[in-house]
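Below is one structure, written out as structure tokens; the observations come after it.
Side chains included, hydrogens not; waters and symmetry mates left out as well; all remaining heavy atoms used. By convention in this document, chain letters (A, B, ...) are assigned in the order of the sequence lines, proteins followed by strands, and residues within each chain are numbered from 1.
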2 protein chains.
Amino acid sequence: MLQELTETRYGKHDYIFREGDPTEYFHIVKEGTVKCVKSTPEGKECTLKMLMPGDLFCCDAAAFDGASHPGSAQPMGDVSILRMKKKSYFEMLRRNPDAAMEVIKYLGNRLNEAQEKTKDLALDRADQRLASLLVDLAARNGIADPNGIRLTVRMTRQDMANMIGITTETTIRIMSKFKRDRLVSGTANRLLIRDLKGLKALASAS
Amino acid sequence: MLQELTETRYGKHDYIFREGDPTEYFHIVKEGTVKCVKSTPEGKECTLKMLMPGDLFCCDAAAFDGASHPGSAQPMGDVSILRMKKKSYFEMLRRNPDAAMEVIKYLGNRLNEAQEKTKDLALDRADQRLASLLVDLAARNGIADPNGIRLTVRMTRQDMANMIGITTETTIRIMSKFKRDRLVSGTANRLLIRDLKGLKALASAS
DNA sequence: CAATAAACATGACATATATCATGTTTATGA
DNA sequence: TCATAAACATGATATATGTCATGTTTATTG
């Protein structure tokens with residue numbers, strides 16, 4: 001069975017798949033970070049989710065039902081992806097109730113997250129959403145550092161903007177303010193969360 | 001097995017459950033419309049989804065994983081709800097791979113929808129989001145009418161506002177403009193979509 | 001039916017965020 | 001290492017939407 005699982009490596013300029021491509025495979029992140037992106041005809045982009053090792057996606061697990069990917073998947077730097085034919089994966093789930101239940105719980109959890117994000121977009125200000133994003137990434141992608149929590153994924157201001165539905169300029173302005181307030185420091189290559197509590201306070205001030 | 005499925009009726013001032021309540025049951029809408037709502041400490045509300053007959057929710061199906069409801073469920077008018085103990089439901093799924101696969105597809109579909117909504121909130125203007133909402137409701141809740149499509153669910157401007165993350169006043173202003181442009185007519189009790197194509201054009205002008 | 005509350009409507013004004021422009025710093029790759 | 005592009009930064013201005021205030025119309029209920 002396991003020979004159906006193949007591994008592929010991608011670099012930051014590749015696409016793992018594009019919006020509209022047929023959903024032939026299930027994907028699992030083995031190493032690195034992958035972003036799920038939807039874009040408009042005019043080139044505006046919205047990043048739905050950053051996927052870390054262990055996450056499955058297709059794209060963004062949304063295509064368990066559906067014939068084509070509702071968004072594209074792009075690596076953030078070098079990544080390694082495991083792939084399995086959708087048909088094989090479904091057969092495996094059908095034969096393995098425990099695995100199916102795990103997937104149900106995983107999807108429930110993902111739906112939950114998506115709805116939390118909906119609420120943030122609908123009700124929070126830009127600075128609160130950015131603070132939420134940084135808190136979330138600190139937990140999922142951060143490693144301890146003498147001065148706080150360092151994010152291992154390389155994220156530009158533009159990447160952040162796309163994740164919270166604001167412009168790059170606004171993100172830069174808010175990040176500059178966060179820097180002045182000693183909440184964060186550094187830029188894409190070395191982003192450091194200096195005051196997690198402060199960011200959490202801002203994020204939940206809704 | 002079926003004796004575990006109980007039916008309850010609710011009126012528009014009831015709660016089916018509240019945010020934070022333990023998730024003891026799975027719910028299915030039998031009759032009527034239910035809204036899933038998240039609210040902030042200051043009383044701002046965000047409606048995540050309108051559930052129609054056949055939809056399952058817990059709340060909003062997001063609690064397949066999780067001990068407490070991430071949002072509350074409120075009837076829009078009179079509704080009838082079917083309920084089953086969460087434990088029984090999980091056991092049933094474990095024994096019935098076809099049902100489990102159906103749930104996986106359903107959740108994938110719901111996640112997909114949620115992400116589409118995220119994109120709309122992040123990238124579209126208020127009038128486009130309102131047009132999207134009306135198009136969606138026309139398909140899911142509308143019945144043919146000599147002058148267009150009539151919505152059977154009673155929805156105030158405030159209800160709509162909560163669904164798309166804008167204020168009641170802005171919703172009223174946009175609806176007034178839609179009325180002037182002959183796209184819609186009527187108020188909560190008798191909402192009529194007069195020009196579906198026009199609304200679709202507006203909605204997808206992103 | 002009258003009394004009351006909810007929904008709808010609209011103006012004046014405030015403000016968060018977008019847009020456009022321009023410059024500096026930092027990273028990248030030949 | 002130099003040349004080029006990407007990322008970061010910041011000001012000026014525009015604009016969509018929020019906020020507050022006030023009035024009318026439409027439902028609801030005793």
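Protein atom CD of E169(A) is 14 Å distant from nucleotide atom P of dG11(D), rounded to whole Å. Atom pair I166(B):CD1 and dA16(C):P shows a separation of 19 Å (rounding to whole Å applied). Residue M160(B) contributes atom CE, which lies 18 Å from atom P of dA6(C) at whole-angstrom precision. Atom CG in D124(A) sits roughly 14 Å away from atom P in dA16(C) (whole-Å rounding). A straight line from CD of Q158(B) to C1' of dT19(D) spans 15 Å, rounded to a whole angstrom. Nucleotide dT17(C) holds its C1' atom 14 Å from the CG atom of L130(A), rounded to whole Å. When the P atom of dT17(D) is taken as reference, atom CG of L123(B) falls 13 Å away, rounded to whole Å. One can place CD of Q128(A) at 11 Å from P of dA16(C), the figure rounded to the nearest angstrom.
At distances below 3.5 Å, not a single donor-acceptor pair connects side-chain atoms of R150(B) with backbone N or O atoms of D145(B). For N162(A) (side chain) and D159(A) (main-chain N/O), no donor-acceptor pair under 3.5 Å exists by modelled atom type.
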Verify side chain to side chain contact (heavy atoms under 4.5 Å, CB included) between M50(B) and K35(B), making sure each step is shown before the conclusion.
-> CA-CA 5 Å; M50(B) 301 280 265; K35(B) 62 176 173 176; 3.9 Å; yes
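Each of G165(A) and M175(B) was matched to the nucleotide of DNA chain C holding its nearest heavy atom; the match closer to the 5' end belongs to M175(B). Nearest-nucleotide positions on DNA chain D place S176(A) closer to the 5' end than the other of S176(A) and R125(B).
Within the 4.0 Å cut-off from OP1 or OP2 of dC8(D), not a single side-chain nitrogen or oxygen of K179(A) is found. Note on T170(B): a side-chain N or O is less than 4.0 Å away from OP1 or OP2 of dG18(D).
In this pair, F26(B) and F90(B) present their aromatic rings tilted. The plane angle is within the 30 to 60° band.
A donor-acceptor contact under 3.5 Å links the side chain of R173(A) to the base of dG11(D).
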Would you list the protein and nucleotides 25-30 of chain C atom pairs, both N or O, that sit under 3.5 Å from each other?
residue: dA27(C); atom: OP1; partner: N189(A); partner atom: ND2; Å: 3.4

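Residue I172(A) is classed as a base contact, given a heavy-atom separation below 4.0 Å to a base.
Set against dC8(D), dT19(D), dC8(C), the side chain of T167(B) has dT19(D) as its closest nucleotide. Comparing dA7(C), dA21(C), dA7(D) by their nearest atom to the side chain of T156(B) picks out dA7(C). Checking dT17(D), dA7(C), dC8(D) against the side-chain heavy atoms of A188(B) singles out dA7(C) as nearest.
More than 12 heavy atoms of other residues, nucleotides or ligands lie within 6.0 Å of CZ in R140(A), so this atom counts as buried by the packing criterion.
Within the 4.5 Å cutoff, side-chain heavy atoms of R83(B) are placed close to those of H27(B). Between M160(B) and L191(B), the closest side-chain pair of non-hydrogen atoms falls below 4.5 Å.
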